[in-house]
Amino acid sequence: MALVPCVTLNDGTSLPAIGFGTYPLTGDDAVAAVESAIGCGYRLLDTAVNYGNEVEVGEGIRRSGIAREELVVTSKLPGRAHGYDEAVASVRDSLARLGLDRIDLHLIHWPNPRVGRYLDAWRALVDLQKDGLIRTVGVSNFTSEHLRVVIDDTGVVPAVNQIELHPHFPQPEMRTEHERLGIQTESWSPLGKRQAPFGAPPVAAAAEHHGVTPGQVILRWQVQLGSVPIPKSATPSRQQENLDVFGFTLSVDEMTAISALARPDGRLFGGDPDTHEEQ
Ligand code: NAP
C-alpha cells in the first residue's frame, strides 16, 4: 500500500497529502469506489451535500472496515444552507446521512457572494467546531475578499480553501494568498476532469523521465506546489496509480514547464467564485 505523507493545518490537525474525490459517483458505484479507495490507502475522502452521495460514502467507510479515526472525512455546505440556523441544520443532516458523529473537515462549498450570507454560514461552522461536531473548518472557492470577510469577523482563519487547480489553471495568486494567511490549498478537478494536458510536452517528458504516467506527473506537480489534490477515479487501478506519487520528485525546470501550461481561460466551466451561484 502506498505511504502517503501528511500536511499540518493551522488548527494543529493534519491531512493526508492526497485525497479521494467522489463526485459524481452515486449508488452502488459510489459505495464500491469508496471501499476500494480506502483499500488502496486513501485516508482523505471528499464528498458534499450537493453530490448526493453522503449515504454511500458512509456505507463505503463502514464496508472498508477501517478504524474511523484513521480517516479524514470532508463534506460541504450547499448554497441553500447559507444562514446560521440553516447551516447548523445542514451539518446535522450530513452527519446523519454519513452515519458519523463528527465531520473531520467541513467546507462552505461556494461563497455565493450575490446572496451575501456566507459569513452567517461561517459563524455557524465555527460554533459547530467548538461543539465538537466538526473537527476542522474550511471553505471552498473563496477569493481573497471572501477570506478577508470571514477572518475579519470571527478571527478564525479557514484551515483549508479547496479551489479549482490543474495545469491549465494553476492559481498562483490564490496559492500565494493562502501561504500568507496559513491556509492549506486543496485542488479540485486536479486532473481537469480528464481534460488535463496529459500529452503536452512537459508532462509527457517528465512521465518518460521518471517512468510514471502523465496523471502521476500532474498530481505530483500539485503536491510540490504545496496543494492537496483530490482526484476522483471509479477505477481501482487508477485509484492506486493516483495515490502513488511520493516516490519521485519533479525538478525545478519540470515544475516551471508544467506551470507554464496555464491559460487565461483555463477554468473548466463558468466556475468564477464571484459569479457562480450554487444552490
Ligand atoms: P478529476 O479528479 O480531475 O478527474 C476525474 C476524471 O479523470 C474521471 O473521469 C476519471 O476517470 C479520470 N481519471 C482519474 N485518474 C486518472 C488517471 N490517472 N489518468 C487518466 N484519467 C484519470 O475531476 P473531478 O472529479 O471533477 O475532481 C475531483 C474531486 O474534486 C471531485 O470528485 C470532487 O470531490 C471535488 N470537486 C470539488 C469542487 C468544488 O467546488 N469544491 C468542484 C469539482 C470537484 P475514471 O473514474 O474512469 O477513472
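From a predicted model like this one, the values you see are computed outputs, not experimental measurements. Both backbone and side-chain heavy atoms feed into the values below; hydrogens, waters and symmetry mates do not. Remember, it's 1-based here, ligands and their atoms both numbered in the order they're listed.
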Please verify the inter-ring angle class for Phe142 with Tyr118; under 30° counts as parallel, over 60° as perpendicular, anything in between as tilted. perpendicular
Less than 4.5 Å apart, any side-chain heavy atom of Trp221 and any of Ser259? yes
For Glu164 and His166, what are the C-alpha separation, side-chain angles and deciding distance, and is it a side-chain hydrogen bond (donor to acceptor under 3.5 Å, both in side chains)? CA-CA 7 Å; Glu164 177 175 356; His166 42 76; 2.8 Å; yes
Arg175 with Glu179: basic N within carboxylate O range, under 4.0 Å: no
Residue by residue, ordered by chain and number, which ones reach under 4.0 Å of ligand 1 with a heavy atom? Gly21, Thr22, Tyr23, Asp46, Tyr51, Lys76, His109, Trp110, Ser140, Asn141, Gln162, Trp188, Ser189, Pro190, Leu191, Gly192, Lys193, Arg194, Phe198, Ile230, Pro231, Lys232, Ser233, Ala234, Thr235, Arg238, Glu241, Asn242
If we ignore hydrogens and angles and just use 3.5 Å, is the side chain of Asp101 paired with the main-chain N or O of Leu133 as donor and acceptor? no
Could you tell me whether a side-chain N or O of Lys193 sits under 3.5 Å from a main-chain N or O of Leu268, the two making a donor and an acceptor? no
